[in-house]
There are 4 protein chains.
Amino acid sequence: MSNSSDRRTTLPRRRDEAKALFRNAILDAAEHVFAKQGFHGARIQDIADHARIAVGTVYNHFEQKEDVLHALLEVRLDQMIDNLRPQPTDPEPFEQKLTCCVIRTLQFVEAHRDFHQVALDCGLFAKGTASASSILKDKAVEHFEKLRATMLALVNEGLQSGALRPMDPVPLARALGGLIRSSSIGMLMEQSHPDLEAEASLLVDLYLNGAGRADRTGRPRDENDLGER
Amino acid sequence: MSNSSDRRTTLPRRRDEAKALFRNAILDAAEHVFAKQGFHGARIQDIADHARIAVGTVYNHFEQKEDVLHALLEVRLDQMIDNLRPQPTDPEPFEQKLTCCVIRTLQFVEAHRDFHQVALDCGLFAKGTASASSILKDKAVEHFEKLRATMLALVNEGLQSGALRPMDPVPLARALGGLIRSSSIGMLMEQSHPDLEAEASLLVDLYLNGAGRADRTGRPRDENDLGER
Amino acid sequence: MSNSSDRRTTLPRRRDEAKALFRNAILDAAEHVFAKQGFHGARIQDIADHARIAVGTVYNHFEQKEDVLHALLEVRLDQMIDNLRPQPTDPEPFEQKLTCCVIRTLQFVEAHRDFHQVALDCGLFAKGTASASSILKDKAVEHFEKLRATMLALVNEGLQSGALRPMDPVPLARALGGLIRSSSIGMLMEQSHPDLEAEASLLVDLYLNGAGRADRTGRPRDENDLGER
Amino acid sequence: MSNSSDRRTTLPRRRDEAKALFRNAILDAAEHVFAKQGFHGARIQDIADHARIAVGTVYNHFEQKEDVLHALLEVRLDQMIDNLRPQPTDPEPFEQKLTCCVIRTLQFVEAHRDFHQVALDCGLFAKGTASASSILKDKAVEHFEKLRATMLALVNEGLQSGALRPMDPVPLARALGGLIRSSSIGMLMEQSHPDLEAEASLLVDLYLNGAGRADRTGRPRDENDLGER
DNA sequence: AATGAATGAGCTTTCATTCAT
DNA sequence: TATGAATGAAAGCTCATTCAT
């Protein structure tokens, strides 16, 4: 076996590895710097410094500053969505399955505080936000929709299993998203690392059962809350 | 009476009026421009153009660009909080009172879309957000806390009235904030002007009663939802 | 007369004067710097330094670096064309009139060595030149055509007066342009300030009578100069 | 004979061939790219792409970007000068010999439009031009002088043969150069491929006999054209 | 020797802020 | 006090050159 054939495959392989190495280093650095300084406050120099590479190298991997942000959000958001999505190993009753999804999601948030900082900053969880939309343009909508779709799928599963009130899934999904976002923000704001499982359980409990007293007499919930207005 | 004494009181009064006129014009222009372009994308020139004044004039009323943002957020946030806070004329049962507060808040959002765009962009409803904190610094926390306190006050009222589950008010407030934020974002994202009262009723319903089916048998909600898992 | 009306006219007038002052200072500085370093070698900083103003000021008067070049070439080329064009005071016989035009043109070259350096560098006298066309684009053609038209007008006058051989004016104009360019380049290359009038006379003499011996016997020029040899 | 001695002579020979192959490929690519984009607008990457080699390879053959230009100009200019120089096979009468030289030169221009674009751009035919001198430095003068010397030699031959007016050869050479340059530029500007022989004949005719009418009575050319003014 | 990614100095351009009128 | 041009620090991006493979 000639090593010329090796060269043809080995060299490119090494190159590809190196390429991925640099790309990831840049994204990691960007995640950190964007989180601390915001997109506009972050200089390419800062990112390069953090990744211990030269400015030009960043531009060998990304056309413009914005593209670094795009790539970062895309990669991490896909990971996040994977966590939010029900897994085969999740227990069946919807409430428990939902709790598992929320736990994983909060764990992901906790593990990727920087990303969440950035994502919030970019209105990734709130679309049309000004500076976000001016940076992300259509991409923001794309990202946002992916997340929304995942949330809707989850809610639809709950509806089909009969665990959720039979109603328009859009507000149901929106409410779930709102609660998760609240908890995430709460976690980001605090230094402490709370008991995520308890946090998730509480969240699911509030989502499913509401904040009101259970024993309010004669509450005619499921029939006509919507209809009567 | 000599007109010199008049001058001393009348002149300043007129001046103050003029001053306020300019100040408000600047803030209105800033609200619009920040909403469309984001804080960083907005140039003082743009704001001045929109207010049909000169750049220098902006600096006669505000020390720096950031101060325009601060002032804008402060003014509007106070208005928003006034709307969120229960009014003497609101009906007593907590659910209805809460609904009134939410309606007013959503109306305010609808009436001040631009402000909300800006506020979201600044993480005003999510504190520690990166670019926000780098612009707003301590002010952001201040603003955020004011809002949080109002929310907490509202929740505490619900607890005292017995309408809310007896539990830590912090997650209760957080959940309410999350739901309101979700609806607000939903409204900003859509062009349509939905039926705000219905939206608010649904929100309060979900908040108080949850998204789960009411008729789950034998649900011992308040005691041990958490404990049993 | 109130001075408020004065203000309205005086202030703008002063401003316009100042504006023109700055603009000219920038063009003068650019002329010098472009001549010494070429367009690409010249940094905006250099031009600003030379004009003893700030970099930003250059951009208050010109959108981009290229526009400085455009403006410079336009202004000077128009002046140059004015010099090349016959004047009412020029003597009538074509040869003398032409000599006057050439003298004025060479004087202009001598007085604006820097501009000529730049113009040559931009292929202003040679159109389609590479870096020129990439900087000047259509403008180069425009400028070039203006000069060519002037040259053609001059030649046509000569044809009508019967002083020039009856033939296609295009090569006649091209030849005249070539001779003037040669002399100009010669002047730019030398430090000495030659006798411009003698230079011009020689140029016109060569143009009209050619470099060949006059006393070639029985020269039947127009018919068959080529055929007989 | 040992093949070690072979290796010493054969191997280098092949290497030299390969080396020359690459070198020429680079120069050809550079000629094209410089012509289209100008020296400053051309990136080494562009040249490498055009030559279908890697950037690094260019640097294995030339120390710096400028050296590519130098080499290109040197090679082509020598070729051009060979064409301008009288050949043993050229007919003797000066006018015809000159015409042959001009025909060859114009043919060369036509065949190497790209080079001419570059050469003009570099002021190769006009020395001291700004960006040219800043790139080419002394080399430009060298190149220019070589061309000038050839032109002077040609003119001197004309003087000795009695075909040219007895006068300072410098302006004679300058005028000839000016006319050739004019025609070259004219050719570059047009898409059409004119009849080069006719073009050359006309050029020589104008050079030798001038643009003036032949039949002007009593023209006292050689004596005192200069003196009388 | 050929390759092509890494490097980083350098440049154009922007825009918050100042200041003379 | 309103004005708007002047200011210059700062940042994104380019590209000649280097160097490990």
query: Between E/dG8, F/dA6, F/dG12, which nucleotide gets closest to the side-chain atoms of C/F22?
result: F/dA6
query: Quick one: on DNA chain F, does B/A18 or A/Q45 contact a more 5' nucleotide (nearest heavy atom)?
result: B/A18
message: Can you tell me how the ring of D/H32 sits relative to the ring of D/H50, calling it parallel under 30°, perpendicular over 60° and tilted otherwise?
response: tilted
- request: Output the single nucleotide from E/dT3, F/dA16, E/dC15 whose closest atom is nearest the side chain of D/I53.
  value: E/dT3
- request: Please confirm whether C/K65 makes a cation-pi placement over C/Y59, using NZ or CZ under 6.0 Å from the six-membered ring centre and within 45° of the ring normal.
  value: no
- prompt: Quick one: does D/E31's side chain have a donor or acceptor within less than 3.5 Å of a partner on D/D114's backbone?
  reply: no
query: D/I44 has an atom CD1; how far is it from atom P of F/dT14, in whole Å?
result: 17 Å
- prompt: Is the closest basic N to carboxylate O distance between A/D67 and A/R23 below 4.0 Å?
  reply: no
Length of the CG-P vector between A/D49 and E/dT7, whole Å: 12 Å
- line: With the side chain defined as heavy atoms from C-beta on, B/V55 is closest, among E/dT17, E/dG8, F/dT7, to E/dT17
- prompt: So which of residues 59-69 of chain B are in contact with DNA chain F, with a heavy-atom cut-off of under 4.0 Å?
  reply: B/N60, B/H61
field: Side-chain ion pair, B/R52 and B/D28, N-O less than 4.0 Å
entry: no
task: Figure out the NZ/P separation between C/K19 and E/dT21, and round it to whole Å.
output: 17 Å
field: Residue whose nearest DNA chain E nucleotide is more 5′ - B/A42 or A/R52
entry: A/R52
task: Treat a base pair as Watson-Crick or G-U wobble with both distances under 3.5 Å, then lay out DNA chain F in dot-bracket form, 5' to 3', with | for cross-strand pairs.
output: .||||||||||||||||||||
statement: Per atom distances to the B/A54 side chain, the nearest of F/dC15, E/dT12, F/dT3 is F/dT3
- prompt: Roughly how far, to the nearest 0.5 Å, is the CZ atom of C/F62 from the OG1 atom of C/T57?
  reply: 12.0 Å
- request: Could you check how far CG of C/D16 sits from P of F/dA5, rounded to whole Å?
  value: 10 Å
task: Rounded off to whole Å, could you give me the CZ-to-P distance for the C/R23 and F/dA5 pair?
output: 14 Å
message: Nearest whole Å is fine: how far is E/dT17 P from B/I47 CD1?
response: 11 Å
- prompt: Quick one: B/I26 CD1 to F/dT3 C1', roughly how many Å, whole number?
  reply: 13 Å
task: Determine yes or no for a side-chain-to-main-chain donor-acceptor pair under 3.5 angstrom, with C/D46 supplying the side chain and C/R43 the backbone.
output: yes
- request: Determine whether D/F39 and D/E66 make a side-chain contact, defined as any pair of heavy atoms from C-beta on separated by less than 4.5 Å.
  value: yes
task: Mind checking the CD1-CD1 spacing from D/I26 to D/I47? Nearest 0.5 Å is all I need.
output: 9.0 Å
- request: Send over the distance from D/R43 CZ to E/dG4 C1', rounded to a whole Å.
  value: 14 Å
